[in-house]
Amino acid sequence: MNRRAILLTVGAVLIASAIVGYAALAASQQSDVGKLAAQFAGYERTAEAFDGVAQGFVEIFNTTSGITIGTTNQTIRFTETLPNTASGTFSGAVSSWESFLESNESAITLSTGALTSTLAINLQPHNINYSHDSFGGNQLIMSPSTLPGNRYDVNVTGSFIIVSCLETTTSGSFELNIIIDGTLGDCTKNLLVDPSANNRIQIIIIDPADPLGLATLPGFDINLNATKLFVTRLNATTATISTQLWYNASGLERREARLLPETLISVAFSRLGISRTGTAILRSW
Amino acid sequence: MEPHRFSNSRCTRRAFVLSLDALLAIVLAAAIVLVGAQFARQEPSDAIQLGLGQTGRSVAAVLEREGTLDTLDASQLRSRIDDLLPASHVMRVQLTCQSADAVSTNETLPTRRFIATGKRHFVVTSGGSVTDRCVARWWVWNA
């Protein structure tokens with residue numbers, strides 16, 4: 001009787017201990033899951049804040065920058081006027097967006113200085129920058145660290161009278177296609193050049209300020225130097241510039257056009273210990 | 001006298017064993033109740049809460065990308081939310097803008113129920129220009 005009672009008691013104690021132990025373990029695990037869930041929710045909140053801000057920049061760019069981006073499997077084309085007459089509108093929209101965000105959400109900080117001064121776009125994965133000497137200025141620059149293909153196309157259309165196109169190039173196998181279309185006259189060049197050398201095409205126009213229309217001066221300068229392409233408006237009136245970069249046909253890569261700087265948007269929820277810094281993706285293709 | 005003493009001692013021991021058993025039964029029952037309560041307390045689970053949050057964020061993102069937020073129109077928002085949201089969920093959206101008046105779909109927030117919430121900043125564009133800057137606050141819960 002005694003032995004049976006002891007066995008029963010010990011058994012009951014063991015079962016009770018097992019159940020209490022299991023409850024403690026479950027509670028501890030549940031607490032860990034809860035912490036992970038809270039952390040995950042924090043990441044989601046950060047991602048939502050970042051995504052909204054980035055999408056805002058994309059819409060501001062598409063609506064106010066005066067730059068259109070066209071893509072195909074093998075090309076990317078930027079079109080804008082030089083000087084870009086929308087630069088003031090773009091800067092104003094960026095500035096308003098920045099003050100709205102920073103006054104509404106303390107976790108968000110923006111670095112828009114470089115964005116409004118040069119409006120540079122970075123192309124990945126080849127790390128090519130399309131930018132301006134100053135946004136609203138007279139020069140745009142395409143600067144690849146390495147050329148992703150074998151061809152540049154530059155189209156210039158404007159209200160000027162073309163007298164001649166002067167070229168100074170080093171021959172090679174890289175295609176540089178130029179089409180200049182004025183009110184009167186045009187200039188088309190399909191050149192094979194060495195992209196690492198200094199290649200220059202200068203468009204001579206009638207001086208728009210000369211009442212007799214006899215004086216000439218350089219209107220535009222297109223310079224491919226050490227793989228960098230510079231298009232500079234010298235004396236011509238505002239013109240539409242279209243710059244197209246070609247990729248090799250083989251590419252199945254995913255490409256992105258992103259606003260610079262890379263640290264344009266910063267979201268940091270210090271209470272959650274979570275932060276994210278990055279930029280807006282204008283297009284992926 | 002001897003048998004009586006023996007009987008008294010046996011009775012005491014039996015009472016002690018019975019008391020001990022009763023105590024253990026109480027401990028065992030309490031442990032079971034504790035474990036049950038532990039699981040019952042987890043309602044709704046973390047997964048459900050995260051799921052609600054993800055649903056809200058996804059719907060808010062779609063509303064922004066497709067331009068429904070830009071309309072600043074409560075009935076259009078309501079209609080589109082009904083299209084996007086699972087039938088078991090309810091979502092309220094409130095837009096507060098720099099220039100335009102605030103807009104809300106006005107669902108009443110429930111009490112004693114988990115509500116996932118978030119916010120998203122966006123620009124309003126119209127006719128090729130940026131016309132306003134707003135924040136969309138949203139709340140999602142199970143119907």
Contact class of Leu36(A) relative to chain B, heavy atoms under 4.5 angstrom: neither
Rounded to the nearest 0.5 Å, what separation is found between the CZ atom of Arg57(B) and the CG atom of Leu50(B)? 8.0 Å
Which bit of Ala29(B) comes within less than 4.5 Å of chain A, counting heavy atoms only: side chain, backbone, both or neither? neither
Would you mind telling me which of Ser129(B), Ala60(B), Cys134(B) has the largest number of heavy-atom pairs within less than 4.5 Å of chain A? Cys134(B)
Could you tell me whether Asp51(A) and Arg276(A) make a salt bridge, using a distance below 4.0 angstrom between a side-chain N and a carboxylate O? no
Is Ser96(A) close to chain B through its backbone or its side chain, or both, or neither, when contacts mean heavy atoms under 4.5 Å? both
Interface moiety of Asp132(B) toward chain A, non-hydrogen atoms closer than 4.5 Å: neither
The single option from Phe90(A), Phe61(A), Tyr130(A) passing ring-ring contact (aromatic ring centres under 6.0 Å, His included) against Phe135(A): Phe90(A)
Below 30° counts as parallel, above 60° as perpendicular, anything between as tilted: where do the rings of Trp97(A) and His121(B) land? perpendicular
Quick check on side-chain contact (heavy atoms from CB on, under 4.5 Å): which of Asp181(A), Thr81(A), Ile179(A) does Thr157(A) satisfy it with? Asp181(A)
